[in-house]
Amino acid sequence: MSIVDRLEDSICQALKDAAFQAREAGELDFEQLPDFVLEVPRDKSHGDYASNLAMLMAKEARKPPRLIAELLVKHFRREGNWVAEVEIAGPGFINFRLDPGWLYQALPLAEEQDTAYGRSNAGQGRKVQVEFVSANPTGLLHMGNARGAALGDTIANLLDAAGFYVEKEYYINDAGNQIENFGKSLEARYLQQFDQDVPFPEDGYHGEDIIDTVKNIIKRDGDKYLNMDSSLRREFLVKYALEEKLAHIKGVLERFGVNYDVWFSEQSLHDSGAVEAAIRELDANGYVYEKDGALWLKGEELGLEKDEVLVRNNGLPTYYAADIAYHRNKLERGFTWMINLWGADHHSHVARMKAALKALGYDPEQLTVVVMQLVRLFSGGEIVRMSKRTGQYITLSDLMDEVGKDAARYFFVMRSHDSHLDFDLDLAKEESGENPVYYVQYAHARICSILRQAQEEGISTKEASRCNLALLTHPSELELLRKIADFPVLVREAALALEPHRLTRYAGELAGLFHNFYTHCRVLNSEPELRDARLSLVNGVRITLRNLLTLIGVTAPERM
RNA sequence: GCGCCUGUAGCUCAGCUGGAUAGAGCAACGGACUUCUAAUCCGUAGGCCGCAGGUUCGAAUCCUGCCAGGCGUGCCA
C-alpha cells in the first residue's frame with residue numbers, strides 16, 4: 001500500500017471514529033455515516049486535505065454543518081496520521097494540515113522498490129486480456145491503428161503495473177469477405193503485372209503496397225499462377241500476401257515497442273468449428289431463428305435496435321458470428337475481463353457484442369470496449385489529407401520515420417481516448433520544450449547529468465534512509481516529494497479507469513516541478529548534508545520519471 | 001429520424017465517484033544565463049465551462065430539452 005493510501009485511510013478512519021464518539025457522547029445523531037470524501041483542495045491555503053463529511057451529515061443530524069464540523073474536530077484523534085492542524089472553513093469543510101515528515105517516506109520507498117516503484121496489487125492477479133489494433137492484414141497500419149497501438153500497449157502496461165495478469169492479443173481478420181476481396185485485388189494486380197487489361201474490383205484495396213506484394217510474388221514464383229484456375233490462383237496469392245502483410249505489421253509494431261503475447265487467427269475459429277458451436281449455443285438458449293434463408297440473432301429481445309444476421313443466406317457466417325465465437329473463446333481461456341480497443345467507426349458493435357455475451361449466459365460487464373475517436377494529422381497548420389480510395393495515407397511506419405517512436409507514442413497517449421486527436425507533426429518533431437516529450441525526457445537527462453557529476457566528483461551516494469531528509473523544506477522540494485508519493489496512486493487509478501492520458505499529464509507536471517526545483521535549488525554546491533538529501537530527492541524523481549516513461553513506452557535518455 | 005462521442009482561455013486539451021475564487025501547455029506580452037544541460041525558469045494578460053431549465057447547502061461535473069460538430073445506423077468489417 002502506498003504511503004498516500006495509508007495516510008488517507010488513517011485520516012478517514014479517525015474522522016469516522018470522531019463521528020461515532022460524538023454520537024456516543026450524545027452530541028450527534030445519525031443512523032449511518034454518509035459516503036464522504038477526503039480530497040486535496042485546489043487551493044493550498046485550505047491545507048493538505050479537506051473533507052466534506054460535516055456538510056453531508058447536516059441533513060440527517062439536523063444541525064448546521066459548521067457545528068457538526070466542530071464536534072468532529074473535538075473528537076478527532078491525531079495519533080498516527082501526521083495531522084498537525086485541523087480547522088473548519090467555508091460552509092463546513094474540515095481542513096487538515098500535515099506534518100511534512102510524512103512525505104519523506106516516499107524517497108526510501110522509491111529507492112528501495114526502484115523499477116517496481118509505482119506497482120501495486122490492486123488487480124490481485126485477475127486475468128485480463130487487452131486486444132488492440134487487430135487491423136485487417138490486407139494493408140498497412142494507419143493513424144487510427146497507431147493510436148490504438150499506443151493506447152492499447154500502455155493500458156496493458158498499466159494493468160500489469162496495477163497487479164493484473166495481462167495478455168496482449170492481436171485478432172487477425174484472415175477470413176470472410178475482406179479476404180475474398182483481397183484475393184480479387186491481388187489477382188487483378190498480379191495479372192496487370194503481365195500486361196493483362198483486367199479491371200480493378202470496385203471495392204478493392206487500392207493501396208500501392210499490394211502492387212509491391214505481387215511483384216514479390218513474381219520475383220519468387222514467376223508466372224506460376226498466370227494460367228491457373230482463378231479461385232486456386234487467388235488462394236495462393238492470398239496465402240502469400242497474408243504472410244507478408246502480417247510479418248510487416250508485426251515488424252512495424254515491434255519497432256513501435258509493441259509486443260503481443262498472442263496472434264489469434266479468425267480463420268482458426270471457422271476451422272475448429274468454434275463459430276458453429278457458438279451459434280448452436282445461442283440457438284440452444286433460444287436466441288436464434290431462421291428467416292429468408294439466413295440465421296438471425298434475436299437482437300431486439302436482447303435490447304438491441306434490431307435483430308442481426310449470424311449466417312447469411314449463402315451459408316457464410318458474418319463477422320459478428322465469428323466475433324461472438326472469438327469472445328466466447330476468450331472467456332473459455334479464463335479471462336475474466338476483456339478489454340477491446342476499437343475505432344469510433346465500430347462503436348455500434350459494442351452493444352451487439354455485449355448482447356451476444358448476455359445471450360451466451362455471460363456477464364456483459366466482463367467486456368470493456370475502449371472506443372477511440374479519430375486522429376487528424378496536422379502539418380504546417382494544415383490538415384494532412386488522407387484518401388482511403390486511392391490508398392494514399394501516412395502509415396505508422398512513415399510516422400516513426402518522421403517523428404520517432406517516442407514522440408509518436410507520447411502524442412497518441414496524451415489525449416483522452418474519447419477525444420479527437422489532432423496530431424501536430426511539426427510539434428512532434430520540435431526539439432525544444434514546446435514538445436512535451438522532450439520536456440519530460442530533458443528532466444530525466446538533467447537528473448542523470450547531476451548524478452553523473454556527483455559520481456565524477458567522488459561524492460558517494462547515500463541511501464535515502466540515511467540522509468537528513470528533513471532538510472528538504474523548499475516549496476519546490478515539498479511539491480516534488482508530494483508528486484513522487486502520488487505516483488503509485490496515479491498508476492492504480494489510471495489503470496482501473498483505463499485512462500493512459502493521466503500518465504502524460506502527470507509526467508508534464510512532475511517534469512515541471514523538477515525544472516522549477518532545478519532553477520531554485522542547487523544540488524552539488526550545497527552543504528554536504530543538504531546535498532545528500534537533494535541527491536536522494538533527485539534520484540527519487542529519476543526513478544519515478546523513468547518508470548513513468550517506461551509505462552508509456554518512451555525511452556528515458558541519460559543525455560540529450 | 002434514432003443511437004454513441006464531443007462542445008471549457010486565441011489554439012490544443014485536463015478537470016477523478018458534484019465541493020471552496022475554473023486549470024495546464026502553446027501562442028501574446030515582460031523578465032532571468034560568471035554557478036549541477038536556457039531542450040530551462042519566473043511573472044502578466046486571457047473564461048456567460050455551447051444555450052435554457054431542473055435536482056441541492058453547493059453543478060463545468062448529475063437529470064431534461066434545445067443548438068453545433070464527428071461517427072454509426074449493411075446478409076461490410
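Proteins come first, then strands; the chains are lettered A, B, ... in the order of their sequence lines, and each starts at number 1.
Ring planes of A:Trp342 and A:His349: tilted class, angle from 30 to 60°.
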Quick tally for nucleotides 26-33 of chain B: nucleotides whose base has a protein heavy atom under 4.0 Å get B, sugar-phosphate-only ones S, the rest -, giving SS------
Would you give a per-nucleotide map of nucleotides 2-18 of chain B, 5' to 3', where B means the base has a protein non-hydrogen atom under 4.0 Å away, S means only the sugar-phosphate does, and - means neither?
-BBSS-----SSSS---
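Between B:G18 and B:U61, the distance separating the two C1' atoms is 6 Å to the nearest Å. Taking the C1' atom of each, B:A38 and B:A59 are spaced 43 Å apart, rounded to whole Å. Comparing the C1' positions of B:U8 and B:A60 gives an interatomic distance of 7 Å, to the nearest angstrom.
When Watson-Crick and G-U wobble pairs are counted only if both distances are under 3.5 Å, B:U12 pairs with B:A24. Across every strand in view, B:C66 sits in a pair with B:G50 that passes the Watson-Crick or G-U test at under 3.5 angstrom. If you check B:G3 for Watson-Crick or wobble pairing at under 3.5 angstrom, you find it paired to B:C71.
With contacts defined as side-chain heavy-atom distances shorter than 4.5 Å, the pair A:Arg376/A:His420 does not qualify.
A side-chain N or O of A:Asp5 and one of A:Ser2 form a donor-acceptor pair less than 3.5 Å apart.
Atom CD of A:Glu8 is surrounded by more than 12 heavy atoms from other residues, nucleotides or ligands within 6.0 Å. Annotation for A:Glu558: atom CD does not count as buried by contact number, only 12 or fewer foreign heavy atoms lying within 6.0 Å.
Checked by distance alone, A:Asn52 brings a side-chain donor or acceptor within 3.5 Å of a matching partner on the base of B:G19.
If you check B:C75, B:U40, B:U35 against the side chain of A:Ala294, the one that comes closest is B:C75.
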